[in-house]
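Order of listing sets the numbers, starting from 1, for every ligand and every atom in it. What you are looking at is a predicted structure, and each value in this text was computed from that prediction instead of being measured.
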Amino acid sequence: MMKRKVNVIGSTGSIGTQTLEICDIDKNLSVVALAAGANDALMEKQARKYHPRICAMFDTKAASRLKVALADTDIKVLSGEEGVAEAAAFEADITLTAIVGIAGLKSTLAAIDAGRDIALANKETLVTAGETVMRMAKEKGVNILPVDSEHSAIFQSVSNQAQYVKKLIITASGGPFFGMNRAALAAVSAKDALKHPNWNMGAKITVDSATLVNKGLEVIEAMHLFDVGIEDIETVVHRQSIVHSLVEFCDGSVIAQMGIPNMKLPISYALHYPNRAMEVEERLSLTKVGVLTFEEIDHFVFRGVKLAERAAKAGGTLPAALNGANEAAVGAFLQGKCTILDIYDAIEGAMDNCVKISAPLIEDIIQCDKMAREYVQIHLKGQK
Ligand code: MG
């Protein structure tokens, strides 16, 4: 049987390492290119274990070190943004893009341009440049397969009945601070935020889950992936993270996808679509779960979804401003330089101040992202 060749972009992160764990068990997958940011020590281990043709490091110093470390192999080591883009575009059946943030945009575009199907784990790509990305994918005949659990759930629920979709319902765990008021939320630390109740994820997305900005980004992501209006996407708090999202059809039928919270399920689904491959040991027991609850989001305290809806309605460069400001403010919060509530103010201020361009080019989006980050740096400094 022909192996499915996979490029793993962002291989040292949470999604990347889980993808490689799937490759350990799933002998039908073969890793041909790896790319990551700056963790050359882990990359060397991965390179020796999976024997890809190419390894790329975004950080040029890390790339230099890796080149020396892998000198006894025939693995080609590439460096910088171009190197990561080359790895993403490398000949394979599918490229999994799991670099966090807008840093993943260029490599995803390079992979689409080269005609690679995409297993998309980088939501910021669609948030900042959704129209361009979806248009390019259509032109190149490329499938964009969602790895985000909510979007995988919607993708599986829609199946081949996209024309009958009335509404998407995206579930949110509510994060570790569900039920808090503003005063309590203002007092939480980065350490508190990194304790997610159900999902094991990287630091940036875990903070995004706590603020519900993650849910906002997912609403924008869903709008592009499934070509629905922002007003036809609902969000609901579902504390158990068993129902991963739902689709309502025109006849009132609502289809949901359920499962235990485990990112390996959507990763494996995207890598094998339209087939299912992974055999899991832990399975959903409905009687063990017992109760599934659904509640409204407190939008007064957790403003992430409303801010994203504003960005999505305005379109153009506004989603890039939202995303850039969020990335910068989350970075500041993780360093203890601001409160979690400051993240919302930073996003709002950056959106108010952003240069609004209605049909932005990729360069405009990157410029807007940069300006939003600068705005946040100045804004947070002024507060101290
Ligand atoms: Mg998600």
Checklist entry - Checking Tyr375 side chain against Cys354 main chain: does a donor-acceptor pair fall under 3.5 Å? => result no
Item to check | Residue from Lys215, Lys166, Lys167 passing salt bridge (Lys or Arg N to Asp or Glu O under 4.0 Å) with Glu234 | outcome: Lys167
Checklist entry - Listed by chain and number, what are the side-chain hydrogen bond (donor to acceptor under 3.5 Å, both in side chains) partners of Tyr50, not counting sequence neighbours? => result Asp24
Checklist entry - For residues Thr17 and Glu21, is any side-chain donor paired with an opposing acceptor at under 3.5 Å? => result no
Checklist entry - Going by atom types alone, do His272 and Asp26 pair a side-chain donor with an acceptor below 3.5 Å? => result yes
Checklist entry - What number of protein N, O or S atoms occur at distances under 2.8 Å from the Mg ion (ligand 1)? => result 3
Checklist entry - How long is the span from the CD1 atom in Ile260 to the CZ atom in Arg283, to the nearest 0.5 Å? => result 9.0 Å
